[in-house]
Amino acid sequence: MARISASVYTSHVPAIGAALDMGKTQEPYWQPLFAGYDYSKQWMKQNTPDVIFLVFNDHATAFSLDMIPTFAIGTAAQYTPADEGWGPRPVPVVQGHPELAAHIAQSVIQQDFDLTIVNKMDVDHGLTVPLSLMCGQPQAWPCPVIPFAVNVVQYPVPSGQRCFNLGKAIANAVQTFDADLNVHIWGTGGMSHQLQGPRAGLINKQFDNAFLDRLIADPAGLAKMPHIDYVREAGSEGIELVMWLIARGAMSDISGGKAPEVKHRFYHVPASNTAVGHLILENV
Ligand code: DHB
Ligand code: FE
């Protein structure tokens, strides 16, 4: 049977991708940020999964405002890095896992979550920057990836509670896949940031660190936080953090198992306009 062995949480910022792609990681501005992922790259090498289930948000790249799925699962064999205005990032094409993705779609839809099936999609910085942070600059990504896109761009967005419940349903789905696969689930986006309006540039370190504390120790309580609190406290783009609750909801302790082990925790400001947070949790 397939199993989820770990969850990874990390912010995404387009400028992080650009810093990597342009060889600027050792510049004074970026060095402390990338240093926070040294352990993570090592950990990924030692704990390479068979598949990554990568929860991310598209930024009006694959989905224009013409059509906006709340939850969309990628069932394709591969996904091309998107052109977000400066040409596609020079990173490998993402290989999918159509069999596991189709099984998860079947199971999660039968558990009463409405997923959109996506057979063709270009993936933007929301997906490629977390892969770069965790894997560096390889010739090929270390394993197949199932992209799972959540709408946090156009209101209404899903609640933290719904994301948390969905994570639990995804874990059920993975457990019923009839192959011995080691799966990681990643929650990406956040932390506090606001890119627009009078509060542009907002960062809230206190909120972010409390969010990390609660994500580890009180995820069910954290899931109850209404979306307006994310916007007030973490800024309009801070709402991306609800995606972390999908990954956290898929961990064993939520379904009666033991509390996960915290393998790594990192927080850094600034990275462009965004506070960067990062956690690695392992099921024990
Ligand atoms: C920035 C952050 C984001 O999450 C994003 O999607 C785009 C830009 C930024 O900080 O610049
Ligand atoms: Fe974003």
Side-chain angles (χ1 to χ4, degrees), residues 8-22 24-25 27 29-30 32-34 36-37 54-65 68-72 74 79 81-89 91 94 121-134 147-158 160 163 186-205 207-208 211-212 227 230-247 266-279:
V8 171
Y9 309 82
T10 180
S11 309
H12 64 232
V13 186
I16 292 176
L20 264 158
D21 301 343
M22 299 194 303
K24 296 187 172 181
T25 59
E27 288 189 358
Y29 181 87
W30 288 112
L33 179 280
F34 286 102
Y37 289 81
L54 205 160
V55 181
F56 77 110
N57 71 292
D58 177 74
H59 299 76
T61 306
F63 307 119
S64 71
L65 294 184
I68 306 159
T70 303
F71 299 118
Y79 308 88
D83 184 347
E84 298 179 62
W86 293 269
R89 289 193 59 213
V91 294
V94 176
M121 170 166 65
D122 287 353
V123 285
D124 74 9
H125 68 273
L127 186 128
T128 63
V129 165
L131 280 174
S132 295
L133 281 168
M134 293 299 294
F148 190 89
V150 179
N151 169 41
V152 288
V153 169
Q154 171 69 52
Y155 279 83
V157 300
C163 289
W186 293 13
T188 66
M191 295 198 85
S192 58
H193 63 303
Q194 170 143 349
L195 303 177
Q196 58 206 305
R199 297 200 308 165
L202 177 146
I203 298 288
N204 186 341
K205 290 184 186 175
F207 172 91
D208 289 339
F211 186 93
L212 293 172
H227 84 266
Y230 287 87
V231 177
R232 284 197 182 115
E233 298 293 328
S236 52
E237 278 65 49
I239 190 65
E240 289 179 342
L241 282 170
V242 292
M243 296 185 288
W244 294 32
L245 284 164
I246 297 179
F266 175 64
Y267 183 75
H268 177 77
V269 178
S272 183
N273 303 294
T274 307
V276 167
H278 175 39
L279 277 178

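Counting starts at 1 for both ligands and their atoms, in listed order. Computation of the quantities below employed the complete heavy-atom set of this structure, encompassing side-chain atoms and omitting hydrogens, waters and symmetry-equivalent molecules.
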* **Contact summary for D21 and V91, nearest pair of heavy atoms** => OD1-CG1, 4.3 Å
* Structure fact -> Filtering T188, I203, T274 for the heavy atom nearest atom 10 (O) of ligand 1 leaves T274
* By atom name, which N, O or S atom of E240 is the nearest to the Fe ion (ligand 2)? -> OE2
* Check: S11 side chain, G190 main-chain N or O, donor-acceptor pair, under 3.5 Å -> yes
* Tell me whether H125 has at least one N, O or S atom under 2.8 Å from the Fe ion (ligand 2). => no
* Could you verify whether a donor N or O on one side chain and an acceptor N or O on the other, from E237 and H59, lie under 3.5 Å apart? => no
* To do: Name the closest protein heavy atom to atom 5 (C) of ligand 1, giving the residue it belongs to and the distance to 0.1 Å.
  => H125 NE2, 3.5 Å
* Is a side-chain N or O of D208 found less than 3.5 angstrom from the main chain of S192, in a donor-acceptor match? -> yes
* Structure fact -> Under 4.0 Å between heavy atoms, the region of E240 that gets near ligand 1 turns out to be side chain
* Using heavy-atom distances, let me know which of A275, S272, P14, G126 sits nearest atom 11 (O) of ligand 1. => S272
* Short side-chain to backbone donor-acceptor contact, E84 and H125, under 3.5 Å -> yes
* To do: Around atom 3 (C) of ligand 1, find the nearest protein heavy atom and jot down its residue, atom name and distance.
  => H193 NE2, 3.4 Å
* Structure fact -> Note: ligand 1 atoms sitting under 4.0 Å from heavy atoms of V13 are 9 (C), 10 (O)
* Hey, which N, O or S atom on H59 ends up closest to the Fe ion (ligand 2)? -> NE2
* To do: Please check if the side chain of N273 supplies one atom and the backbone of L195 the other of a donor-acceptor pair under 3.5 Å.
  => no
* Asked: Which of the atoms in ligand 1, numbered in the order shown and given with their element, are less than 4.0 Å from a heavy-atom of N273?
  -> 9 (C), 10 (O), 11 (O)
* **N/O donor-acceptor pair under 3.5 Å between N151 side chain and I68 backbone** => no
* Asked: Any donor-acceptor pair under 3.5 Å linking the side chain of H278 with the backbone of Y9?
  -> yes
* Asked: Has H12 got any heavy atom lying under 4.0 angstrom from an atom of ligand 1?
  -> yes
